[in-house]
There are 2 protein chains.
Amino acid sequence: MAEPTLWEPVPRSRTYELVLARIEEQILAGKLRVGDRLPPERELVELLEVSRAAIREALRVLEAQGVLRARVGTGPDSGSVIAAMPSAGLTQLLRLHIALANFPVKDVVEARAALERSSARLAADQATEADLDRMAECLAHMDVPEVSREEFNDHDTRFHVAIAEAGGNRLVTDLTVAVRNAVRHTLMTAFHRLDDWEAERDRLRAEHHAIHDAIAAGDAERAGDLVESHIHRFHHDVVRTVLQSPEGTSAQSAIWDGPPRER
Amino acid sequence: MAEPTLWEPVPRSRTYELVLARIEEQILAGKLRVGDRLPPERELVELLEVSRAAIREALRVLEAQGVLRARVGTGPDSGSVIAAMPSAGLTQLLRLHIALANFPVKDVVEARAALERSSARLAADQATEADLDRMAECLAHMDVPEVSREEFNDHDTRFHVAIAEAGGNRLVTDLTVAVRNAVRHTLMTAFHRLDDWEAERDRLRAEHHAIHDAIAAGDAERAGDLVESHIHRFHHDVVRTVLQSPEGTSAQSAIWDGPPRER
DNA sequence: TTTCTTGTTTGGTCCGACCAAGCAATGGGC
DNA sequence: GCCCATTGCTTGGTCGGACCAAACAAGAAA
């Protein structure tokens, strides 16, 4: 039971962390809700009896988490206001950690597959006509005969986001968007290095239409399975192959597979 | 195509955001890796020609994201060091946004189910003997006849985390831990208000053992399905029922179901 | 009534100063 | 010659004060 990792921390709290804790208390307790305004920074200085720098550092953290939105001036929209923009913060966080190779691409793909399978199942159950129309519009853009790779990739993303939004689960949607954004660059690189672009394009078109049809038909089981295998196949055929081809050094394979498991 | 939301932003960059961008550049470009040290704050002031306050605000954000770890002194471990502790930052972010009801509990449950299904499938494919032993140990703790609810919940969490770790996917593991931590309080509350604790406890025990056995047998399909239905059933039977019972006001049902969908 | 000016509030930025935690080099005592 | 306390330097942590610019509100001037 004496796990060494459990005895490590002992974090001496810095002032800004205490400020953060005070504000979080009120959020967790429901006393601060979306739209509410925090007292002005100078007032918080007096209330909490710390320097403005400490206050501001805490506010910066909340802002980065998408919980706060600060504006100057005196209007009704000014000051530090509790907001709700989780996807930006999530995207940023995941981007950095993926870049630090904490999360190998393989893991990200797996997470995407899991999340989007869930989205597709939910979407099949409760997508509205408007939702289906939005998906169909994305498909139409990708079906343009001479569509460019950028255009295609752009609407590919929109298509998957549309599915997530149709599912109505905001957490899953935001996670999906964040994960997708986080690997956007990698995806585009793979897309450009593609040898047989036309074949892959046609394959993706067919898969997308199949997914759309399953959702439209309300077949959750099939929609989920199709999305899952769609993501797995694409990353297996395209990303892995392309990233490991000519310039495929050991460094890149590490990006894919991650460091060996150690215990 | 003229979506109104796309014309809103125009974010005037603040100094700390520029500093943040510079540091992120280097991380994204792979020039800063885990373990590397940033220049001292006072040096960054000269390099970037901004105030120390701006530097520090940027560093605070990175720290909150689990990308940085700062220590005073001159030793080899001192200064601002690139680190990799994503789950803490994720947990914090999710906790706040769940509290702000951006993410209704229902959505969180769905995300958990999706992620842990994926974990279980991976675990069934590649769990080692050591992994299985750790799971079994958690089960043993939960099987103690007079186990307390706290003990049970504690090892319940460990069991699920053990599965995620056995899956070997760090992103999914960290997301799982973060999501679980974020709803820990809600979970414990539901656990305590439980009417027929013994019946629920026995049901959970049986489900846990079935999951363990499926993973041990290498049956990915079954393991995944069992975990998924396990989570769905528990939250449907316990959390939803309990949280909406006596004190079940409209506010709490909003926490569960979230605000009505508007388009 | 309308328009311009002025003042106030608010976040944004910077500077300079001091503190305490650590480590490293120094030097006396054995 | 070796050990250990002292001293000094580097580093993040904290603070107070000052000034800027954006944004709005109120009052003055047309």
Side-chain angles (χ1 to χ4, degrees), chain A residues 8-23 32 34-83 85 88, chain B residues 7-23 32 34-83 85 88-89:
Chain A
E8 279 297 342
V10 194
R12 1 170 288 299
S13 275
R14 284 158 291 183
T15 315
Y16 95 91
E17 287 180 321
L18 301 176
V19 176
L20 206 45
R22 286 296 181 91
I23 300 177
L32 279 177
V34 175
D36 288 353
R37 285 175 45 173
L38 263 60
E41 294 179 358
R42 291 167 178 82
E43 202 168 313
L44 284 175
V45 168
E46 296 177 7
L47 291 174
L48 305 182
E49 296 182 347
V50 297
S51 71
R52 190 143 88 105
I55 301 281
R56 287 178 60 82
E57 287 177 14
L59 298 185
R60 285 294 91 73
V61 171
L62 291 174
E63 203 175 347
Q65 289 173 335
V67 171
L68 211 66
R69 194 221 52 201
R71 285 188 193 172
V72 296
T74 59
D77 244 38
S78 66
S80 301
V81 180
I82 302 293
M85 333 159 43
Chain B
W7 280 100
E8 279 296 343
V10 194
R12 357 170 291 298
S13 278
R14 283 159 293 182
T15 312
Y16 96 92
E17 287 180 322
L18 300 176
V19 177
L20 205 47
R22 287 295 181 91
I23 300 176
L32 279 177
V34 174
D36 289 353
R37 284 175 45 173
L38 262 61
E41 293 179 356
R42 292 168 178 82
E43 202 168 315
L44 283 174
V45 168
E46 296 177 6
L47 290 173
L48 304 182
E49 296 183 345
V50 297
S51 72
R52 189 141 90 104
I55 301 281
R56 287 177 60 80
E57 287 177 14
L59 297 185
R60 285 295 89 73
V61 170
L62 291 174
E63 203 175 347
Q65 289 174 336
V67 172
L68 212 66
R69 192 222 52 201
R71 285 187 193 173
V72 296
T74 59
D77 244 38
S78 65
S80 300
V81 180
I82 302 293
M85 333 158 41

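When reading the values below, keep in mind they use all heavy atoms of this one structure, side chains included, and skip hydrogens, waters and symmetry mates. The model shown is predicted, which means the values in this text are computed figures rather than measured ones. Quick note on labels: first sequence line is chain A, next is B, and so on, each numbered from 1.
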In whole angstrom, what separates E57(B)'s CD from dG12(D)'s P? 16 Å
Nucleic acid contacts of residues 46-54 of chain A, taken as heavy-atom distances under 4.0 Å to DNA chain C: R52(A)
R69(A) has an atom CZ; how far is it from atom C1' of dA23(D), in whole Å? 13 Å
Atom CG of D77(B) to atom P of dG22(C): distance rounded to whole Å? 11 Å
Show the atom names and distances, to 0.1 Å, of all donor-acceptor pairs under 3.5 Å that link a side chain in residues 72-83 of chain B to residues at least two apart or in another chain.
{"residue": "D77(B)", "atom": "OD2", "partner": "R71(B)", "partner atom": "NH1", "Å": "3.1"}
{"residue": "S78(B)", "atom": "OG", "partner": "G73(B)", "partner atom": "O", "Å": "3.1"}
{"residue": "S78(B)", "atom": "OG", "partner": "G75(B)", "partner atom": "N", "Å": "3.3"}
{"residue": "S78(B)", "atom": "OG", "partner": "G75(B)", "partner atom": "O", "Å": "2.7"}

Can you work out whether L59(B) or T74(A) has the more 5'-proximal nearest nucleotide on DNA chain D? L59(B)
Rounded to whole Å, how long is the line connecting atom CZ of R37(B) with atom P of dC23(C)? 11 Å
Counting the atoms with a prime plus P, OP1 and OP2 as sugar-phosphate, which does S78(B) contact under 4.0 Å by heavy atoms, base, sugar-phosphate, or nothing? nothing
Heavy atoms from C-beta onward define the side chain here; which of dT14(D), dT10(C), dG12(D) lies closest to that of P40(A)? dT10(C)
I need the CD-P distance between E41(A) and dG12(C), as an integer number of Å. 6 Å
In whole angstrom, what separates R14(B)'s CZ from dA21(D)'s P? 18 Å
Considering all heavy atoms of both residues, which atom of A54(A) and which atom of Y16(A) are nearest to each other, and what is their separation? O-CB, 3.6 Å
Check every strand shown and say whether R60(B) touches a base, only sugar-phosphate, or nothing at a heavy-atom separation below 4.0 Å. sugar-phosphate
Distance in Å, L38(B) CG paired with I55(B) CD1, rounded so as to fall on 0.5 Å steps: 9.0 Å
Is any side-chain nitrogen or oxygen of R71(A) closer than 4.0 Å to OP1 or OP2 of dG11(C)? no
Just verifying a value: how many Å separate R22(A) CZ and L44(A) CG, rounded to the nearest 0.5 Å? 11.0 Å
Within this structure, what is the CG-CG distance for the pair L48(A) and L18(A), rounded to the nearest 0.5 Å? 9.5 Å
The criterion is side-chain hydrogen bond (donor to acceptor under 3.5 Å, both in side chains); which residues satisfy it with R52(A), sequence neighbours excluded? E41(A)
Go through E57(A) and R60(A) one step at a time and tell me if the salt bridge (Lys or Arg N to Asp or Glu O under 4.0 Å) criterion holds. CA-CA 5 Å; E57(A) 287 177 14; R60(A) 285 294 91 73; over 6 Å; no
For I55(B) and dG12(D), what is the distance between atoms CD1 and P respectively, to the nearest whole Å? 11 Å
Is there a side-chain polar atom (N or O) of R56(B) under 4.0 Å from OP1 or OP2 of dG13(D)? yes
State whether the distance check finds a donor on one side and an acceptor on the other, under 3.5 Å, for side chain R42(B) versus base dG12(D). yes
Check the distance between dG13(D)'s C1' and L20(A)'s CG and give it to me in whole angstrom. 16 Å
Identify, between G75(A) and E63(B), the residue whose nearest nucleotide on DNA chain D lies closer to the 5' end. E63(B)
